[in-house]
2 protein chains.
Amino acid sequence: MVVDQVPRDFTDEEIDRIFGALADTTRRDILRQSLLGEQSVSGLARNYAMSFAAVQKHVAVLERALLVTKERRGREQIVHSNPAVIRRAARLLDAYEDLWRDRIARIGDILSGPPPQENSRKDVAP
Amino acid sequence: MVVDQVPRDFTDEEIDRIFGALADTTRRDILRQSLLGEQSVSGLARNYAMSFAAVQKHVAVLERALLVTKERRGREQIVHSNPAVIRRAARLLDAYEDLWRDRIARIGDILSGPPPQENSRKDVAP
DNA sequence: CTGATCTACAACCATTTGGTTGTATGTTAG
DNA sequence: CTAACATACAACCAAATGGTTGTAGATCAG
């Protein structure tokens, strides 16, 4: 059962953890693997030239960032991706880009002169 | 003049640096500030409860991640944002999400039975 | 039951990170 | 010219990161 997939807005600390988790090539690859299909931690670990414990730690970082969840199945721990969080991170970056776009649009307005439909004079007779 | 805005594909190290730079609340705010309007490093620094040198370091991290550039103007160093890199990071996350979407679409295909237009038998007479 | 497998976690280590202070250098204002 | 300002950079420190090995507990196969 999937609970709490995209609940509230992220806190600054959560965004820190999300981008921090994405700032490592191995972790991005683990995320990619888990998006392509659920796998056990040991199954994932076999793909990388590092110890099982190291991969385990990387999965834990992704988990604290809410990018993946783990579900125990017998003696294995299955890693599920959480694409909703990835999507929200992408939208967050879009929002940053929009800030810039809006600024450029405003500059464009200034350069092309005040639009005639706007009346900002204070001394207009009623 | 703006050069090399969105040249080649990013290397893994560059993507590490981009997400790493975004993984800090102060740096995201500096980025936001510079998207809203160019500012000097010292102008930016006045917004934060830390030393000028600390802010200088944060700007340097954003710069190594290609998210901002600096341009010297007199005795000041003006920080320009590079929205193209932000945009490419967002598209990168979209691509991860697409991996998942494609997988889900394939699972849907399996559940609804093989589509009749696909012929995968090996023993078809010519 | 026994042995192999999967996971968890602790302890340790080297490097990086995020902050500080201090010093030096260039630039502008007056 | 001189003083104030903006920057650069080095040295230092504590904490986090990314890796290792080792130990121990569950669970499954035979």
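Order of the sequence lines sets the chain letters (A, B, ...), proteins ahead of strands, with each chain counted from 1.
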*Using whole Å, report how far CD of Gln39(B) lies from P of dA6(D).*
13 Å
*Over how many whole Å does the gap from Gln77(A) atom CD to dT5(C) atom P extend?*
19 Å
*Can you figure out which of dA8(D), dA29(C), dA8(C) approaches the side chain of Lys70(A) most closely?*
dA8(C)
*dT7(C) phosphate, OP1 or OP2: any side-chain N/O from Ser42(A) under 4.0 angstrom?*
yes
*Would you mind reading off the distance between Glu71(A) atom CD and dC6(C) atom P, rounded to a whole angstrom?*
17 Å
*Output yes when at least one side-chain N/O atom of Gln56(B) is less than 4.0 Å from OP1 or OP2 of dA8(D), else no.*
yes
*With side chains defined as the heavy atoms from C-beta onward, is the minimum distance between Ile18(B) and Arg88(B) less than 4.5 Å?*
no
*How close or far is atom C1' of dT28(C) from atom CZ of Arg73(B), stated in whole angstroms?*
15 Å
*Evaluate salt bridge (charged side-chain N to carboxylate O under 4.0 Å, His left out) for Arg8(A) paired with Glu14(A), printing each intermediate quantity in order.*
CA-CA 11 Å; Arg8(A) 65 217 178 293; Glu14(A) 284 171 325; 2.5 Å; yes
_Electrostatic pair Asp94(A)-Arg91(B), nearest N-O below 4.0 angstrom_ = yes
*Could you state the CZ-P distance from Arg75(A) to dT27(D), rounded to the nearest angstrom?*
11 Å
*asked:* Counting C-beta onward and ignoring hydrogens, is there a side-chain heavy-atom pair between Leu67(B) and Ile86(B) closer than 4.5 Å?
replied: yes
*So do Arg87(B) and Trp100(A) actually touch side chain to side chain, heavy atoms under 4.5 Å?*
no
*asked:* If you compare all heavy atoms of Phe52(B) against all heavy atoms of Ala45(B), which two are closest, and at what distance to 0.1 Å?
replied: CD1-CB, 3.9 Å
Listed pairs, N/O of protein and of nucleotides 15-23 of chain C, under 3.5 Å:
unit_1, atom_1, unit_2, atom_2, d
dG18(C), OP1, Arg27(B), NH2, 3.4
dG18(C), OP2, Arg27(B), NH1, 3.1
dG19(C), OP2, His58(B), NE2, 2.1
dG19(C), N7, Lys57(B), NZ, 3.0
dG19(C), O6, Lys57(B), NZ, 2.2
dT20(C), OP1, Ser51(B), N, 3.4
dT20(C), OP2, Ser51(B), N, 3.0
dT20(C), OP2, Ser51(B), OG, 2.6

